[in-house]
Amino acid sequence: MPRVSKHTKDGNKKPTDLTNNNIVDDDSMNPLRNQNTNGKKTFKHAALPKWELMLCFAMMVGFLGYMKYRTGVISKEHLSRMKLSYLSKGWLPFGIGKIDAADFEWLFFKWSMLKMSVVHEILIYVIGGRLAEAFFPKFRNHFILVFSIGVLTTRMTTRVISLFAAHTTVAYLASRTGVPFIVWLTGALQVLSVEVDTAFYRWQESAFPGLTLEMIGFTFGVMRFISFGLECCNNPKKYGLFEFLLYIFYYPLWRFGPVMTFDKFQLEINKESRLLSKQELWHIFKQSLRHIFWFFYIEIILHFLYFNAFHMQHDVFSKLPPGDLAVLAGCHMLFFQNKYVLMYGVPGVVSLFDRVNAPEPPLCPMGVYSFREMWRHFDRGLHDMLMRYIYIPLGGSRYGLKWASFSSFVAFAAMSVWHGNSASHYAWAFCNWIAIQVELQVMSLAWSPKAVEYQRKLSGPMLRRLNGVVAAINQLLLSLFSMIYIVGPLPIFFIYFNGLFIQGFPWMPVILFFFFYFNVQLDYEVQRRFTFERVYNKKYL
């Protein structure tokens with residue numbers, strides 16, 4: 001996993017990196033850091049010549065521009081051979097007149113969030129919550145709970161409501177036992193009941209019409225069941241039914257997340273009630289504009305680039321040359337991140353009206369070149385959940401590297417089951433687990449006396465270039481392994497792998513390496529100017 005736990009002298013657990021304690025502004029590929037006045041190790045990249053930075057920038061603009069252009073060209077070329085069921089009528093007054101409708105998550109998000117009934121719900125929730133906060137501050141959370149449950153029950157059929165009520169009751173009773181094993185067993189069975197294709201699963205689908213559309217919310221709900229139950233194991237009398245229901249059914253985060261651990265949710269939802277300040281309203285306004293921009297950006301892109309629909313047309317997709325597969329892969333990576341910026345970000349904006357700071361949306365995959373940092377900063381809430389309830393309780397790094405590897409293996413295994421329990425999810429989790437272990441070993445070698453001595457002989461710019469070579473290879477593998485999850489079934493991933501690294505050998509791997517090398521150098525420059533922590537935690541927004 002990205003982080004491990006180490007006991008401080010006062011007995012508290014402090015998350016830190018395995019190979020270096022208390023690192024800030026971390027460059028995962030460089031052991032050479034300076035001491036700041038607080039005694040913490042920091043790192044700042046050396047500056048490159050301006051001509052070299054301009055070359056990197058120009059090459060990246062060229063690569064990305066060609067990626068969009070070429071995807072548009074092959075979309076037009078193969079339009080007549082694509083299944084119309086994966087292309088719907090577009091709303092732009094110009095262009096082909098079709099929009100890529102092959103991504104279920106994006107369609108479901110639009111359907112769920114852009115209906116006028118949902119817009120009205122959000123307006124009533126925001127206005128009602130502010131009125132309750134102004135006139136009845138002690139009952140604001142009661143309003144939130146009543147509204148949340150009321151809205152969810154109107155969306156679901158009676159049978160689905162009864163099923164969810166049964167799951168919720170069982171989860172609450174498990175939390176009352178105060179036994180972690182019972183909490184985990186209950187949560188695991190609930191996840192398996194909706195993720196494993198069994199006779200019971202098929203019976204649920206037929207017996208509870210409308211259940212499939214609520215599965216996203218339910219899987220997030222199971223994570224909350226587990227979080228609440230495990231927190232109650234430490235102090236079962238501190239939290240009751242009201243806190244449980246408020247956390248599970250909190251309206252802004254119910255359906256799309258992101259996940260918040262119960263302890264953090266309690267701190268956020270129980271802040272002192274007061275009217276929102278001008279600064280808070282301005283922040284909400286900026287975030288709203290940001291998400292409106294990304295929504296229209298994605299929609300416009302999907303009017304011209306049909307990269308999702310290619311996966312549904314196997315006879316066309318499997319015959320594309322390596323260059324075309326590369327541009328489709330790039331579009332998929334960027335689309336996936338943009339999609340989750342909205343799927344996590346829009347609920348997060350609504351929660352800001354309650355002064356609940358949900359985990360930040362994911363970073364752009366092109367801005368991360370370390371497996372550990374990707375797992376820390378892509379799905380931040382899920383990372384917190386895995387760290388707090390699996391990795392640290394199993395021992396983490398307290399018993400050495402081998403035990404840390406075992407703890408992270410269990411965390412990845414649990415995550416793969418929660419995400420979908422398919423071969424592609426298992427392969428994706430296993431490859432990332434292996435990559436993190438290798439990454440930690442490489443960092444250990446980079447910290448060896450001989451390696452440090454060699455690096456000190458290099459100039460700042462030359463050391464940055466050397467780091468860039470290593471980080472580019474790492475980012476290439478990171479993107480490759482991420483594609484296992486992003487594109488779905490393994491046969492589609494194997495088409496990409498075969499085209500890019502077997503049929504396209506040796507030139508395509510070389511081109512991809514230079515693409516990532518230029519990109520990493522631009523990442524370094526952004527971190528040099530704005531600091532690692534500011535970029536990764538999105539404090540520039």
Side-chain angles (χ1 to χ4, degrees), residues 1 102-109 111-112 160 163-164 167 184-205 208 210-227 253-259 308 311-312 314 329 332-333 335-337 339-340 343-344 362 365 371 374-375 378-383 385-386 389-390 408-435 478-497:
M1 288 298 298
D103 188 87
F104 171 76
E105 283 186 330
W106 179 246
L107 290 180
F108 184 60
F109 174 76
W111 174 82
S112 300
V160 172
L163 179 64
F164 277 26
H167 276 291
W184 272 115
L185 179 62
T186 303
L189 291 175
Q190 289 176 322
V191 170
L192 293 175
S193 71
V194 296
E195 294 291 3
V196 179
D197 187 8
T198 60
F200 179 73
Y201 175 83
R202 291 188 290 272
W203 171 79
Q204 281 188 126
E205 282 195 320
F208 299 95
L211 178 62
T212 303
L213 294 177
E214 300 298 336
M215 279 300 97
I216 296 178
F218 179 71
T219 51
F220 279 116
V222 172
M223 296 290 278
R224 299 185 190 106
F225 292 159
I226 295 172
S227 179
L253 307 184
W254 158 257
R255 176 163 280 177
F256 293 105
V259 174
N308 290 310
H311 290 175
M312 308 301 174
H314 191 273
H332 270 288
M333 289 285 294
F335 170 72
F336 184 80
Q337 186 263 344
K339 176 176 64 175
Y340 272 88
M343 290 177 66
Y344 283 178
F371 283 89
M374 173 61 80
W375 282 102
F378 195 86
D379 194 330
R380 304 163 198 253
L382 179 60
H383 171 262
M385 190 80 67
L386 296 174
Y389 302 125
I390 298 180
S408 63
F409 179 83
V410 176
F412 273 108
M415 179 199 62
S416 62
V417 173
W418 181 75
H419 271 88
N421 192 48
S422 67
S424 60
H425 292 109
Y426 287 129
W428 163 64
F430 182 73
C431 288
N432 276 272
W433 175 74
I434 289 291
L478 177 60
S479 300
L480 177 66
F481 294 162
S482 298
M483 288 297 289
I484 300 175
Y485 177 81
I486 292 173
V487 302
L490 283 177
I492 296 178
F493 169 76
F494 288 139
I495 292 174
Y496 276 112
F497 183 83

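Computed over heavy atoms, backbone and side chain alike; hydrogens, waters and symmetry mates excluded. Everything quoted here is computed from the prediction, not taken from an experiment.
- Aromatic ring centroids of Phe412 and Phe430 lie 6.0 Å or more apart.
- Ring pair His425/Trp418: centre-to-centre distance not below 6.0 Å.
- Heavy atoms only, all atoms of each residue included: Leu490 and Ala423 are closest at CD1-CB, 3.9 Å.
- Taking CD from Glu105 and OH from Tyr340, the interatomic distance works out to 3.5 Å, rounded to the nearest 0.5 Å.
- Ile486 contributes atom CD1, which lies 11.0 Å from atom CZ of Phe493 (distance to the nearest 0.5 angstrom).
- Although no hydrogens or angles enter the test, the distance criterion places a donor-acceptor pair under 3.5 Å between the side chain of Ser193 and the main chain of Gln190.
- Between Leu478 and Pro365, every side-chain heavy-atom pair lies at or beyond the 4.5 Å cut-off.
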Please determine whether side-chain contact (heavy atoms from CB on, under 4.5 Å) holds for the pair Gln337 and Phe378, giving the CA-CA distance in whole Å, both sets of side-chain angles, and the decisive distance to 0.1 Å.
CA-CA 9 Å; Gln337 186 263 344; Phe378 195 86; 4.2 Å; yes
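- A heavy-atom distance below 4.5 Å is found between the side chains of Val191 and Val417.
- In plain terms, the two heavy atoms of Ala411 and Leu386 that are nearest each other are O-CD2, 3.8 Å.
- Between Tyr344 and Phe220, the ring-plane angle classifies as perpendicular under the 30° and 60° cut-offs.
- Paired with Trp433 under the rule ring pair (Phe, Tyr, Trp, His ring centres under 6.0 Å), one option of Phe481, Phe409, Trp428, Trp375 passes, and it is Phe409.
- Within the 3.5 Å criterion, the main-chain N or O of Ala413 finds a donor-acceptor partner in the side chain of Ser416.
- A 4.5 Å side-chain heavy-atom check between Arg224 and Leu253 finds at least one atom pair inside the cut-off.
- Put simply, the side chain of Arg380 does not reach to within 4.5 Å of the side chain of Val259, judged on heavy atoms.
- Atom CG of Asn432 sits about 7.5 Å away from atom CD1 of Ile484, to the nearest 0.5 Å.
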With side-chain contact (heavy atoms from CB on, under 4.5 Å) as the criterion, how do His314 and Ile495 come out once you've worked through the C-alpha distance, each side chain's angles and the decisive distance to 0.1 Å?
CA-CA 10 Å; His314 191 273; Ile495 292 174; 3.4 Å; yes
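- Within the 4.5 Å cutoff, side-chain heavy atoms of Phe218 are placed close to those of His167.
- Among pairs with a residue in residues 480-489, none fulfils side chain to side chain donor-acceptor pair (under 3.5 Å), at least two apart in sequence or across chains.
- Smallest separation of non-hydrogen atoms from Ala102 and Met312: O-CE, 3.6 Å.
- Judged as a salt bridge (Lys or Arg N to Asp or Glu O under 4.0 Å), and not counting sequence neighbours, Asp379 has no contacts.
- Here the side chains of Tyr496 and His332 are in contact, with some heavy-atom distance below 4.5 Å.
- Shown here for Met415 and Ala429, the closest heavy-atom pair between the two residues is CE-CB, 3.9 Å.
- Atom SG of Cys431 is separated from atom CG of Leu480 by 8.0 Å, given to the nearest 0.5 angstrom.
- Within the 4.5 Å cutoff, the side chain of Trp106 has no heavy atoms near those of the Phe336 side chain.
- Nearest heavy-atom pair, Arg255 versus Ser112, reported as atom, atom and distance to 0.1 Å: NH1-OG, 3.3 Å.
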